[in-house]
Amino acid sequence: QVQLVESGGGLVQAGGSLRLSCAASGRTFSSYYMGWFRQAPGKEREFVAAIRWSGGNTYYADSVKGRFTLSGDNAKNTVYLQMNSLKPEDTAVYYCAASPRLSFTGEYDYWGQGTQVTVSY
């Protein structure tokens, strides 16, 4: 079965850092894009970042550019979202997803269970 498992969320003070991981299994994702989305209470899910497994192309939402860095370890089928200079508005449940096409909306084939990120003032 295809499975995406996020980890690394937690509580951090504003200005701090967290690294999220997404471990993928069940198929080969070399031709896929791996995306990160987040959803805060009362708000719609929004795009955060995406990476193309082949070539390592990365894409970031304007709200996180310069603060978040997306990388991948192909041998481990794992992608990482390094989040620095965190702000309270970054508080949300973060989801990883996989798609054969680049998408900045929620139109992905596979989704993880989500991991909570809470940034205090």
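Each residue takes its place number in the sequence, starting with 1.
With hydrogens and angles ignored, the 3.5 Å screen pairs no side-chain donor or acceptor of Thr118 with any backbone N or O of Leu11. For the pair Glu6 (side chain) and Cys96 (backbone), a donor-acceptor distance under 3.5 Å is present. No donor-acceptor distance shorter than 3.5 angstrom exists from the side chain of Gln3 to the backbone of Ala24, with no hydrogens or angles considered.
For Phe47, the ring-ring contact (aromatic ring centres under 6.0 Å, His included) test picks out Phe37, Phe104, with sequence neighbours left out. For Gln82, the side-chain contact (heavy atoms from CB on, under 4.5 Å) partners two or more places apart in sequence, or in a different chain, are Ser17, Arg19, Thr69, Asn84. Under the side-chain contact (heavy atoms from CB on, under 4.5 Å) criterion, Ser99 pairs with Arg101, Tyr108, sequence neighbours left out. Looking at residues two or more places apart in sequence or on another chain, you find a side-chain contact (heavy atoms from CB on, under 4.5 Å) between Ser30 and Thr28. For Tyr32, the side-chain hydrogen bond (donor to acceptor under 3.5 Å, both in side chains) partners are Arg27, not counting sequence neighbours. Qualifying side-chain contact (heavy atoms from CB on, under 4.5 Å) partners for Val117, counting only residues two or more places apart in sequence or in other chains: Leu18, Leu20, Met83, Tyr94, Val119.
Closest approach of Ala40 and Ala92 over heavy atoms only: N-CB, 3.8 Å. Among all heavy-atom pairs drawn from Thr91 and Gln116, the shortest one is CG2-NE2, 4.1 Å. In plain terms, the two heavy atoms of Cys22 and Met34 that are nearest each other are SG-CE, 4.3 Å. When every heavy atom of Asp109 is checked against every heavy atom of Pro100, the shortest pair comes out as OD2-CD, 3.3 Å.
Sorted by first then second residue, the side chain to side chain donor-acceptor pair (under 3.5 Å) pairs that include residues 46-60, not counting sequence neighbours, are Arg38-Glu46. Residues in residues 36-80 take part in no disulfide bond (SG atoms under 2.5 Å apart) pair, two or more places apart or across chains. Pairs of residues two or more places apart, or lying in two chains, never qualify as ring-ring contact (aromatic ring centres under 6.0 Å, His included) while including a residue from residues 68-91. Counting only residues at least two apart or in different chains, disulfide bond (SG atoms under 2.5 Å apart) contacts with residues 43-74 are absent.
Atom CD of Glu89 sits in a crowded spot, with more than 12 heavy atoms from other residues, nucleotides or ligands closer than 6.0 Å.
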Show every donor-acceptor pair shorter than 3.5 Å between a side-chain atom in residues 70-78 and any protein atom, with sequence neighbours excluded, or say none if there are none.
unit_1, atom_1, unit_2, atom_2, d
Asp73, OD1, Ala75, N, 3.2
Asp73, OD1, Lys76, N, 3.4
Thr78, OG1, Lys76, O, 2.9

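In the hydrophobic cluster analysis, where Ile, Leu, Val, Met, Phe, Trp and Tyr join through side-chain heavy atoms closer than 4.5 angstrom, Leu81 is grouped apart from Tyr33. Using a 4.5 Å cut-off between side-chain heavy atoms of Ile, Leu, Val, Met, Phe, Trp and Tyr, with links allowed through other members, Ile51 and Tyr110 fall into the same hydrophobic cluster.
A salt bridge links Asp62 to Lys65: at least one charged side-chain nitrogen sits closer than 4.0 Å to a carboxylate oxygen.
Chaining together hydrophobic side chains whose heavy atoms lie under 4.5 Å apart leaves Tyr121 on its own.
Because its NZ or CZ atom is not both nearer than 6.0 Å to the ring centre of Trp36 and within 45° of the ring axis, Arg45 does not count as a cation-pi partner of that residue.
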